[in-house]
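Remarks on the structure that follows.
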Amino acid sequence: MEEVFGWMAWTPPVAVFFTAIVLMLIGMTIWEIKSPTTERRGFLPISTTRGDRLFIGLLTAAYLNLAWAGLTEMDQAIGAAVGFLVLLIVMRWG
């Protein structure tokens with residue numbers, strides 16, 4: 001496997017990030033099988049399902065992290081924590 005993925009920069013933060021994404025997708029799949037979702041309206045201007053809110057929240061967190069990395073000198077862990085908080089807000093009230 002090393003020869004296939006040797007070109008990738010698998011640092012511990014990158015591995016944690018992708019592991020968290022995979023675990024979220026697995027958890028959402030199990031949740032959807034156990035309790036199918038219905039569309040609802042929150043503060044987002046469209047009706048969304050859990051999966052929609054996860055996707056929107058992940059995109060928002062990703063753009064927030066990119067902006068944090070490009071526009072501030074503060075620790076990226078703070079930006080990641082803010083992105084995670086935004087994801088939770090979108091999932092709960094979006």
> Under a single-linkage rule joining Ile, Leu, Val, Met, Phe, Trp and Tyr whose side-chain heavy atoms are separated by less than 4.5 Å, which residues share a cluster with Val16?
Replying inline: none
>> Tell me whether Phe55 shares a hydrophobic cluster with Leu44, the cluster being built from Ile, Leu, Val, Met, Phe, Trp, Tyr side chains joined at under 4.5 Å.
In response: no
> Mind checking what makes side chain to side chain contact (heavy atoms under 4.5 Å, CB included) contact with Phe18, not counting sequence neighbours?
Replying inline: Trp10, Val14
>> Quick check: closest heavy atoms across Asp52 and Thr48, and the distance to 0.1 Å?
In response: OD2-CA, 3.6 Å
Using distance only, find each side-chain donor-acceptor pair of residues 84-94 under 3.5 Å and give its atom names and separation, not counting sequence neighbours.
none

> Taking atom CD1 of Ile46 and atom CZ of Arg53, what is their separation to the nearest 0.5 Å?
Replying inline: 10.0 Å
> Can you list the residues that meet the side-chain hydrogen bond (donor to acceptor under 3.5 Å, both in side chains) rule with Thr37, with sequence neighbours excluded?
Replying inline: none
>> Contact between Thr72 and Ile78 at the side-chain level, heavy atoms closer than 4.5 Å - yes or no?
In response: no
> Under the side chain to side chain contact (heavy atoms under 4.5 Å, CB included) test, which residues partner Ile33, sequence neighbours left out?
Replying inline: Thr29
> Which pairs count as salt bridge (Lys or Arg N to Asp or Glu O under 4.0 Å) when at least one residue sits in residues 34-51, sequence neighbours excluded?
Replying inline: Glu32-Arg50
Anything under 3.5 Å between a donor and an acceptor, one on a side chain of residues 59-71, the other on a protein residue two or more places apart or in another chain? List them.
from	atom 1	to	atom 2	distance (Å)
Thr60	OG1	Ile56	O	2.8
Asn65	OD1	Gln76	NE2	2.9
Asn65	OD1	Ala80	N	3.3
Asn65	ND2	Ala61	O	2.9
Trp68	NE1	Asp75	O	3.2

>> Please give the remaining members of the hydrophobic cluster of Ile26, linking ILVMFWY side chains under 4.5 Å, ordered by chain and number.
In response: Val22, Ile30
